[in-house]
S.K.: 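Quick one: the structure is below, questions incoming.
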Protein chains: 2
Amino acid sequence: MIFSTVLDIEPTPAPTPRQRRHEQTRAEILDAAWRLAEETGIAGLSLREVARVVGLKAPSLYTYFDSKDALFDAMFAEGYLQLGAAVTEWTATEADLEPADALGTVIGSWIRFCQHSLARYQIMFTRAIPGWEPSAEAYAISVREYQRMAEALAAFGITDPGDLDLYTAVASGLAAQQIANDPTGDRWVRLAPTAAHMLFDDIERRKR
Amino acid sequence: MIFSTVLDIEPTPAPTPRQRRHEQTRAEILDAAWRLAEETGIAGLSLREVARVVGLKAPSLYTYFDSKDALFDAMFAEGYLQLGAAVTEWTATEADLEPADALGTVIGSWIRFCQHSLARYQIMFTRAIPGWEPSAEAYAISVREYQRMAEALAAFGITDPGDLDLYTAVASGLAAQQIANDPTGDRWVRLAPTAAHMLFDDIERRKR
DNA sequence: GTCTATAGAATGATAGAC
DNA sequence: GTCTATCATTCTATAGAC
């Protein structure tokens, strides 16, 4: 899925071949940026390197992105759109489970989502890039996708703001530990069911 | 407390005045580095800026640190030594509380510790510096201080490795959310007692 | 759209005088 | 120990030819 068409709200007119090529190159640049950021960390990303991987010279990137910050912006937004798509998928596949067990699979999937790309995790959830923060437009996308996730959690009885904060802390903490201390393993993924039951039971108990 | 004397294992001979001045300047450099990293993020730290704050020129820093990485190493080790000292303090002041309540104060203090310095948090717990990782010596200090923390948690019945991993996930998750989303407030600090009881009760229940 | 050339700035680090 | 001078590199970004 191509970033800038996703952002369009008005019905898009059929793209010309020129526009198609433009979007495709843009997508290739983004893809190269993700792969490089995976190796160097998001803060170590270099436009020259991105250009080299795509087979362009650095100045040519400016045809597709106004600045390095704009590239970061596109990556940030893309990460949150991927999260939204993943949440939709998770909540569709928990049909016949007990709520606490279903929450366990959601948390496990969440950890895997974070683990899948260190660069994506860094740009979405940490402040790893000195001097950069998302633009208002990109930030709005993150807020929207967060809300979507919050709505999905309501199905598990997690509606109280404090409970939501507790949930995000537990889920993000599991992911952070997994990434920092066992980046290729499942040491904290395995704890997802236990954590889910612990959270679920505690919330239920406090409701009574 | 001055860093390099802490690292000495052999009984230290009385320092000459020259050595004292050297250690003092070294400490001033570290202090300046912390303050600057607080503003720019640890990854944005610049040796020229550090030198400027201390009142030296950049090359003079190399009398006190062999390289920028060595400065990072000293900051990393200092952070873990501060954590060790803080843990000792926390565990000494929980005398007359119920275990679950005492655990709540420990978690709250932990979040405050992380919140107190973003730079310290970044260098200790995230991989925010592209291309840098702690030396073997500095890493050994972090392992030792972690073990000290693990021993302190045994007093709360947290001894099972999985329970320890769950604890670190919850505690670090609360801190991460606090820093990322409410850096100057207490939105997740307030959840520390709830989280502590949730953890404590769950661990106790699973033991039976 | 892509390129070469380059501006302009910052960085970590070293050589060598004092 | 501290300095000046400088190296060598890297970086984002722009100007302008093609």
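In what follows, every chain begins at residue 1, and chains take the letters A, B, ... in the order their sequences are listed. None of these values were measured; they are calculated from a predicted model.
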S.K.: Let me know the distance between CG of A/Leu56 and C1' of C/dG1, rounded to the nearest Å.
M.R.: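 Rounding to the nearest Å, CG of A/Leu56 and C1' of C/dG1 are 9 Å apart.
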S.K.: We want to know whether B/Arg21 and B/Gln24 form a side-chain donor-acceptor pair, criterion being a heavy-atom distance below 3.5 angstrom.
M.R.: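 There is no such pair (donor and acceptor under 3.5 Å, judged by atom type) between the side chains of B/Arg21 and B/Gln24.
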S.K.: Taking the side chain of A/Lys57 as its heavy atoms from C-beta onward, which of C/dC3, D/dC3, C/dG1 lies nearest to it?
M.R.: C/dC3
S.K.: Look at B/Ser60 and D/dC3 and indicate whether a side-chain polar atom (N or O) is within less than 4.0 Å of OP1 or OP2.
M.R.: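 Yes, such a contact exists.
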S.K.: Taking CZ from B/Arg21 and C1' from D/dG1, how many angstroms apart are they, rounded to a whole number?
M.R.: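 About 9 Å, once rounded to whole Å.
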S.K.: Distance only, no hydrogens: is a donor on one side chain within 3.5 Å (strictly under) of an acceptor on the other, for A/Arg187 and A/Gln178?
M.R.: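 Checked: A/Arg187/A/Gln178 side chains show no N/O donor-acceptor pair below 3.5 Å.
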S.K.: Within 45° of the ring axis of A/Phe113 and under 6.0 Å from its six-membered ring centre, is that where the NZ or CZ of A/Arg120 lies?
M.R.: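 Yes, cation above the ring, under 6.0 Å and within 45°.
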S.K.: Have A/His197 and A/Asp101 got a donor and an acceptor in their side chains that come within less than 3.5 Å?
M.R.: yes
S.K.: Identify the pairs formed between an N or O of the protein and an N or O of nucleotides 8-15 of chain C at a distance under 3.5 Å, and give each distance.
M.R.:
| unit_1 | atom_1 | unit_2 | atom_2 | d |
| --- | --- | --- | --- | --- |
| C/dT11 | OP1 | B/Ser46 | OG | 2.9 |
| C/dG12 | OP1 | B/Leu47 | N | 3.4 |
| C/dG12 | OP1 | B/Lys68 | NZ | 2.7 |
| C/dG12 | OP2 | B/Leu47 | N | 3.1 |
| C/dG12 | N7 | B/Arg48 | NH1 | 3.0 |
| C/dA13 | OP2 | B/Tyr62 | OH | 2.7 |
| C/dA13 | OP2 | B/Lys68 | N | 2.9 |
| C/dA13 | O5' | B/Tyr62 | OH | 3.1 |

S.K.: What is the separation between atom CD1 on A/Ile129 and atom P on D/dC11, rounded to the nearest whole Å?
M.R.: 15 Å
S.K.: What's the CZ-P distance between B/Arg52 and D/dT2, to the nearest Å?
M.R.: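 In whole Å, D/dT2 P and B/Arg52 CZ are 18 Å from each other.
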S.K.: Can you tell me how the ring of A/Phe125 sits relative to the ring of A/Tyr80, calling it parallel under 30°, perpendicular over 60° and tilted otherwise?
M.R.: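 Rings of A/Phe125 and A/Tyr80: perpendicular, as their planes differ by over 60°.
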S.K.: Near B/Asp182 CG, under 6.0 Å, is it more than 12 heavy atoms from other residues, nucleotides or ligands?
M.R.: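 Counting other residues, nucleotides and ligands, CG of B/Asp182 exceeds 12 neighbours.
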S.K.: In whole Å, what is the span from the CZ atom of B/Arg20 to the P atom of D/dG1?
M.R.: 15 Å
